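A quick write-up on the structure given underneath.
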Number of protein chains: 2
Amino acid sequence: MQKQEILSKNQKIILDLIEKSDQPLKAYSILFDVKKKGINAPLQVYRALNKLVKIGKIHKIESRNAFIACKNSKCQIAKATVFSICESCEDVTEIHDHKLSEHLRDFKDNKGMKYNKYNLEFFGLCKKCI
Amino acid sequence: MQKQEILSKNQKIILDLIEKSDQPLKAYSILFDVKKKGINAPLQVYRALNKLVKIGKIHKIESRNAFIACKNSKCQIAKATVFSICESCEDVTEIHDHKLSEHLRDFKDNKGMKYNKYNLEFFGLCKKCI
DNA sequence: TAACGCTGTGTAATAATATAACATATTTAA
DNA sequence: TTAAATATGTTATATTATTACACAGCGTTA
Ligand SMILES: [Zn+2]
Ligand SMILES: [Zn+2]
Ligand SMILES: [Zn+2]
Ligand SMILES: [Zn+2]
């Protein structure tokens, strides 16, 4: 079982917005949208985003500087993420592939490094854009 | 065989600098270093960086907004990159693992997406930092 | 030769992304 | 009930990256 995190006011507002979008949102577009709810400054947004990433409610798409909700209620980890990104329409999908996860979890380099996290981004063209 | 790209003056200066560092460099730190060579503006740096990424001479570490030289003279592709990143000392190493590459190359999602590129970043603690 | 496309350069201005620093409030735990 | 941890609000600033414009050099080709 996962620890049930209790979210603060700002965290709830921002998570709510991100969950309503099925595509990644950028910090300043979030800021624009939550101004009507009384969140006025970038830092308020970034603080909430950082927390939400930390507890696995959202993920950051590093190559896009954007944030997407995690749909996988079971895992709730920010530690092992895989995304596919369409370079034409910018559609992003989180991938949960058991075999791939196993492979990545078990990966060992030859330098004795201890991993606790990874992020994998696939780029290409989605079915609509081919 | 790879096409031998002929680099321009600015591209050479900046590749040279990045190749001399075994760790990723940030764009504005590069800018600072190449001012003595007559490169004065961010855009001159970013233009060279973009080209060097495109031809596979360097890679961008997305989670760090930094650029590292590709040591793998044989591949010279910007299309399949794997890095390990120490979250304590920020040491970055490019990983070339045949089995992992195969696995990633062959990965198919269930949405019919056609991939032409991926980037994988492992995070953890290196031997020195454990 | 002249016209064109392509790539690169130089410069100024600005956009987009993210954090530092400070003061205060609220919740949690010893 | 005091202390620690977490969250808030605000201002200012740092960092990362692009737009827009003018022009130079090179190879193709009409
Ligand atoms: Zn997820
Ligand atoms: Zn698409
Ligand atoms: Zn490489
Ligand atoms: Zn380290």
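Below, chains carry the letters A, B, ... as their sequence lines are ordered, and counting in each starts from 1. Please read all numbers here as calculations on a predicted model, not as lab measurements.
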Rounded to whole angstrom units, what separation is found between the CZ atom of B:F32 and the P atom of D:dT15? 13 Å
From NZ of B:K9 over to C1' of D:dG25, roughly how many Å is that when rounded to an integer? 13 Å
Once each nucleotide of nucleotides 25-30 of chain C is scored for protein heavy atoms under 4.0 Å, what B/S/- sequence comes out, 5' to 3'? ------
Which atom of B:C86 lies closest to which atom of B:C89, heavy atoms considered: SG-N, 3.4 Å
Quick check: is A:I95 connected to B:V82 through a chain of hydrophobic side chains (ILVMFWY, heavy atoms under 4.5 Å apart)? yes
Sorted by first residue and then second, give each salt bridge (charged side-chain N to carboxylate O under 4.0 Å, His left out) pair with at least one member in residues 15-35 of chain B; sequence neighbours left out. B:D16-B:K20
So, is A:K51 close to the D:dA7 phosphate, meaning a side-chain N or O under 4.0 Å from OP1 or OP2? yes
Kindly say if B:S8 contacts the phosphate of C:dT7, meaning a side-chain N or O under 4.0 Å from OP1 or OP2. no
Do A:F83 and B:L100 share a hydrophobic cluster, counting only Ile, Leu, Val, Met, Phe, Trp and Tyr and linking them when any side-chain heavy atoms are less than 4.5 Å apart? no
Quickly work out the A:R64 CZ to C:dA16 C1' distance and round it to whole Å. 15 Å
N/O donor-acceptor pairs under 3.5 Å from side chains in residues 119-130 of chain B, not counting sequence neighbours:
unit_1 : atom_1 : unit_2 : atom_2 : d
B:N119 : OD1    : B:T81  : OG1    : 2.8
B:N119 : ND2    : B:E121 : OE2    : 3.1
B:E121 : OE1    : B:S63  : N      : 3.4
B:E121 : OE1    : B:S63  : OG     : 2.6
B:E121 : OE2    : B:E62  : N      : 2.9

Residues from residues 19-28 of chain B lying under 4.0 Å of DNA chain D - heavy atoms: B:K26, B:Y28
Which residues within residues 34-49 of chain A lie with some heavy atom under 4.0 Å of an atom in DNA chain C? A:L43, A:Y46
Closest non-hydrogen atoms of A:H103 and B:K99, given as atom of the first, atom of the second and distance, are NE2-O, 4.1 Å
Whether A:N65 contacts C:dA16 is assessed here as follows: a side-chain N or O lying under 4.0 Å from the phosphate OP1 or OP2. Is that the case? no
Looking only at non-hydrogen atoms, find the nearest pair between B:M113 and A:I85 and report the distance. CE-O, 3.1 Å
A:P24 and A:I61: which non-hydrogen atoms are nearest, and at how many Å? CG-CG1, 4.1 Å
Report the distance from atom CD of A:E62 to atom P of C:dA18, rounded to the nearest whole Å. 9 Å
Positions of residues 10-17 of chain A (non-hydrogen atom under 4.0 Å from DNA chain D), listed by number: A:N10, A:Q11
Residues in side chain to side chain donor-acceptor pair (under 3.5 Å) contact with B:S8, at least two apart in sequence or another chain: B:Q11
Once salt bridge (charged side-chain N to carboxylate O under 4.0 Å, His left out) is applied, do any residues pair with B:R64, and if so which ones, sequence neighbours excluded? B:E90
Taking only distance into account, with no hydrogens and no angle test, what donor-acceptor pairs under 3.5 Å do side-chain atoms of residues 42-52 of chain B form with protein atoms, sequence neighbours excluded?
unit_1 : atom_1 : unit_2 : atom_2 : d
B:Q44  : OE1    : B:N40  : N      : 2.8
B:Q44  : OE1    : B:A41  : N      : 2.9
B:N50  : ND2    : B:Y46  : O      : 3.2

Is any side-chain nitrogen or oxygen of A:K60 closer than 4.0 Å to OP1 or OP2 of C:dA18? yes
With sequence neighbours excluded, tell me which residues meet side-chain contact (heavy atoms from CB on, under 4.5 Å) with B:K111. A:T93, B:D109
Qualifying residues under side-chain contact (heavy atoms from CB on, under 4.5 Å), relative to B:S21, sequence neighbours excluded: B:Q23, B:L25
Same cluster or not: A:I58 versus A:V34, using hydrophobic residues (I, L, V, M, F, W, Y) connected whenever any side-chain heavy atoms lie under 4.5 Å apart? yes
Cluster question for you: counting only ILVMFWY and a side-chain heavy-atom cut-off of under 4.5 Å, with indirect links fine, are B:I68 and B:F32 together? no
Take the C1' atoms of the five end pairs on each side of the helix from C:dT1-D:dA30 to C:dA30-D:dT1, get both axes, and report the angle to 10 degrees. 30°
If you compare all heavy atoms of A:K60 against all heavy atoms of A:V53, which two are closest, and at what distance to 0.1 Å? N-CG2, 4.4 Å
